[in-house]
J.: 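Please find one structure pasted underneath; my questions will follow.
Only heavy atoms go into these numbers, but all of them, side chains included; no hydrogens, no water, no symmetry mates. Since this is a predicted model, take the numbers as computed values, not measurements.
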Amino acid sequence: MTTTWARSRAAAAGVVVGLVLLAVGALLGRPDVAVLGAAPLVAGVRDWHRRPSTGPVVRLEASDVQPAAGTLRADVVVDSPSGVLVGVRRGARSLARAWVVVDGTRRLPLVVRTVRTGPQELAFVEAQGVGPGAASVSEPSPGVSRSALVLPAPRPLGDLPLPPRLRGLTGAHESRRPGEGGGLRDVHPFSPGDRLRRIDWRVTARRAPDLHELYVRREHALAEAVVVLVVDSRDDVGPDPMTWRGSVPARAEEPTSLDLARQAAASAAQGLLDLGDRVGLDDLGAVRRPLPPGGGRRQLDRIRHALALTRPEGDPLRRLRPPQLPSGALVMLFSTFLDDEAAHVASVWRRAGHRVVAVDVLPTLRERQLGERERLAMRLIRMAREDRLADLADLDVELVTWRDSPQVALASLARRAQRRAGASR
């Protein structure tokens, strides 16, 4: 493809200086001055005639290197017959601008660090060709961009709360039902159906020395928990309240409430699935089929991918009824609680007998730069939000703040459940 090339300012200035020196040398009879002007003039004319006929072509391709958490990788491929000036930016922020020597095709690795998750633009790359001797420059090539889906990176958590009732006949949690695999339940006289390997010969010898009656050890059954993670995607607010109106974008280096919700849900899913529990996912801000509870590594991949796709979708719809949940499931609701919708569905689930853990994902706010009216508005918003959380606490909805050591609060809730009478039946 033929591209228009223009003479660079440096080359044009060199030619002008050469002509001036030649003219001065001729008028004054100074051959030494004329010789000084001949060099830039000849170099400028020669390099101009050597300019390429085609311009650079740049494209972004997927990288073969596995990206680490918090990084995005791609390859910038440049096809050009000469050197290229490459510029990379992300949004309104310039990431790099470099001179690249190219003779044919060159592949450059691009690494972008981000704290945000979900769909986002990896980078916008544009290039401009530079001819030999920097005597000519081409038209800027059409910029290219590439989108990426950033999955939330789970963080390790300690003990996690369990639902009031455990289900199934397999799992990692000890239930109150008799079975196998758990701790000692009691020692009972042998009855039809008991296995011979369960006979406790020490107890039998102590209680019935003549072996007229056998005693067996009975254990608790192991069961699994069913947990439903519910993400409130209707809000995606940053630490700066001035960006909540949407006219000013949030900073790319600061995670928003939805980024925190994705990370919190992914962390809880990883911790529960590692214990062999079944975990499902639902979105409070979208009316679509939820991800049913499941187990295993593939379920974690499904949950992380579904979390990365959650985002605000226009005006939030008001639900006529809360999402349906499996019987006896634990509900973990991730929301900012800036309106009544999330608090309402949490109260409905709690009255229905579910154990509900409300995870507050509102970021730490910066209010120093707010004006007097904005401070007053934030005070009203904060008071209404605190009233909602207090009402949930009165209904025995357990509250966890993700920005303040969530693993400590979740471990405390796990120990609280163990102290309840019949908590794991």
J.: Counting neighbours of CZ on Arg311 that are heavy atoms of other residues, nucleotides or ligands and sit closer than 6.0 Å, is the number greater than 12?
T.: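 Counting neighbours around CZ of Arg311, 12 or fewer heavy atoms of other residues, nucleotides or ligands fall under 6.0 Å, so no.
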J.: Looking at Thr336, is its backbone amide N or carbonyl O close enough to the side chain of Arg385 to form a donor-acceptor pair, meaning the two atoms are under 3.5 Å apart?
T.: yes
J.: To the nearest 0.5 Å, what is the distance between CG on Asp235 and CZ on Phe337?
T.: 10.5 Å
J.: If you define the side chain from C-beta out and look only at heavy atoms, does anything of Val231 sit under 4.5 Å from Leu307?
T.: yes
J.: Kindly compute the distance separating CD (Glu367) from CE (Met242), expressed to the nearest 0.5 Å.
T.: 12.0 Å
J.: Run Asp283 and Ser233 through side-chain hydrogen bond (donor to acceptor under 3.5 Å, both in side chains) and show every step you take.
T.: CA-CA 7 Å; Asp283 186 357; Ser233 66; 2.8 Å; yes
J.: Answer yes or no: is there a side-chain heavy-atom contact under 4.5 Å between Arg59 and Asp79?
T.: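 Result yes, sub-4.5 Å side-chain heavy-atom pair found.
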J.: Go through Val226 and Asp277 one step at a time and tell me if the side chain to side chain contact (heavy atoms under 4.5 Å, CB included) criterion holds.
T.: CA-CA 6 Å; Val226 176; Asp277 297 325; over 6 Å; no
J.: List the residues meeting side chain to side chain contact (heavy atoms under 4.5 Å, CB included) with Ser82, not counting sequence neighbours, and say none if there are none.
T.: Trp5, Pro52, Ser80
J.: Would you sort out whether Leu410 and Val400 count as a side chain to side chain contact (heavy atoms under 4.5 Å, CB included), showing the intermediate values?
T.: CA-CA 7 Å; Leu410 291 172; Val400 174; 4.0 Å; yes
J.: CZ of Arg262 to CZ of Phe334: how many Å apart, nearest 0.5 Å?
T.: 13.5 Å
J.: Could you tell me if the side chain of Val150 sits less than 4.5 Å from the side chain of Gln120, heavy atoms only?
T.: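 Yes; the side chains approach each other to less than 4.5 Å.
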J.: What's the spacing between Thr401 OG1 and Asp404 CG if we round to 0.5 Å?
T.: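 Answer for the OG1-CG pair, Thr401 versus Asp404, is 5.5 Å.
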J.: Could you tell me the separation between the CG atom of Leu300 and the CD atom of Gln270, rounded to the nearest 0.5 Å?
T.: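 Result: 6.0 Å between the selected atoms.
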J.: For Arg388 and Asp339, indicate whether the former's side chain and the latter's backbone hold a donor-acceptor pair under 3.5 Å.
T.: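 Flag set: sc Arg388 to bb Asp339 pair under 3.5 Å.
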J.: Under a 3.5 Å distance rule, please check whether Asp259 uses its side chain to pair with a backbone N or O of Thr256 as donor and acceptor.
T.: yes
J.: I need the minimum non-hydrogen distance between Ser347 and Leu395, along with the two atoms involved.
T.: CB-CD1, 3.3 Å
J.: With side chain to side chain contact (heavy atoms under 4.5 Å, CB included) as the test, would you mind laying out the steps for Val111 and Leu72 before giving the verdict?
T.: CA-CA 6 Å; Val111 180; Leu72 302 176; over 6 Å; no
J.: Roughly how far apart are Thr71 OG1 and Arg113 CZ, rounded to 0.5 Å?
T.: 6.5 Å
J.: Between Leu399 and Asp360, does the side chain to side chain contact (heavy atoms under 4.5 Å, CB included) criterion hold? Intermediate values first, please.
T.: CA-CA 7 Å; Leu399 304 177; Asp360 178 16; over 6 Å; no
J.: Is any side-chain heavy atom of Pro154 closer than 4.5 Å to a side-chain heavy atom of Arg304?
T.: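 They are in contact (side-chain heavy atoms under 4.5 Å apart), so the answer is yes.
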J.: Between Trp402 and Ala261, is there a donor-acceptor pair closer than 3.5 Å when you use the side chain of the first and the backbone of the second?
T.: no
J.: Do the non-hydrogen side-chain atoms of Val357 and Val331 ever get within less than 4.5 Å of each other?
T.: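 No. Closest side-chain heavy atoms not under 4.5 Å.
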J.: Got a donor-acceptor contact below 3.5 angstrom from the Ser257 side chain to the Val361 backbone?
T.: no
J.: Main chain of Leu162, side chain of Arg355: is a donor-acceptor contact present, judged purely on distance under 3.5 Å?
T.: yes
J.: Return yes if some donor-acceptor pair links the side-chain N/O of Arg90 with the main-chain N/O of Glu121 below 3.5 Å, else return no.
T.: yes
J.: List the atom of Ala62, the atom of Arg146, and the distance in Å for their closest heavy-atom pair.
T.: CB-NH2, 3.4 Å
J.: Just wondering, do Glu61 and Val76 contact through their side chains at under 4.5 Å, heavy atoms?
T.: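 Counting from C-beta outward, Val76 and Glu61 never come under 4.5 Å.
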J.: How close do Leu151 and Ala308 get, heavy atom to heavy atom, and via which atoms?
T.: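 It is CD2-CB, 3.7 Å.
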J.: When you measure from the side chain of Arg375 to the backbone of Leu370, do you find a donor-acceptor pair of N or O atoms at a distance under 3.5 Å?
T.: yes
J.: Just by modelled atom types, is the Val101 backbone N or O under 3.5 Å from a matching donor or acceptor in the Arg106 side chain?
T.: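 Pair found, side chain donor or acceptor close to backbone of Val101.
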J.: Do you know which two heavy atoms are closest between Pro255 and Pro363, and how far apart they sit?
T.: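 Shortest heavy-atom contact: O-CG, 4.2 Å.
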J.: Could you check whether any side-chain N or O of Gln299 sits under 3.5 Å from a backbone N or O of Gly296, counting only pairs where one atom can act as donor and the other as acceptor?
T.: no
J.: Would you say that more than 12 heavy atoms from the other residues, nucleotides or ligands in this model lie under 6.0 Å from the CZ of Arg403, or not?
T.: yes
J.: Looking at Arg366 and Glu254, is any side-chain nitrogen of the basic one under 4.0 Å from a carboxylate oxygen of the acidic one?
T.: yes
J.: What I'd like to find out is whether the side chain of Ile303 reaches to under 4.5 Å of the side chain of Val279, using heavy atoms alone.
T.: yes
J.: Closest heavy-atom contact between Leu60 and Ala123?
T.: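 Looking at all heavy atoms of both residues, the shortest contact is CD1-O, 3.8 Å.
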J.: Of all heavy-atom pairs between Asp232 and Ser335, which one has the smallest distance, and what is that distance?
T.: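 Minimum heavy-atom contact is OD2-OG, 2.9 Å.
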J.: Are Arg415 and Asp159 ion-paired here, with the side-chain N under 4.0 Å from a carboxylate O?
T.: no
J.: Do you know which of Val84, Val86, Val78 makes side-chain contact (heavy atoms from CB on, under 4.5 Å) with Val58?
T.: Val78
J.: Between Val228 and Leu281, is any pair of side-chain heavy atoms under 4.5 Å apart?
T.: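 Contact flag for Val228/Leu281 side chains = no.
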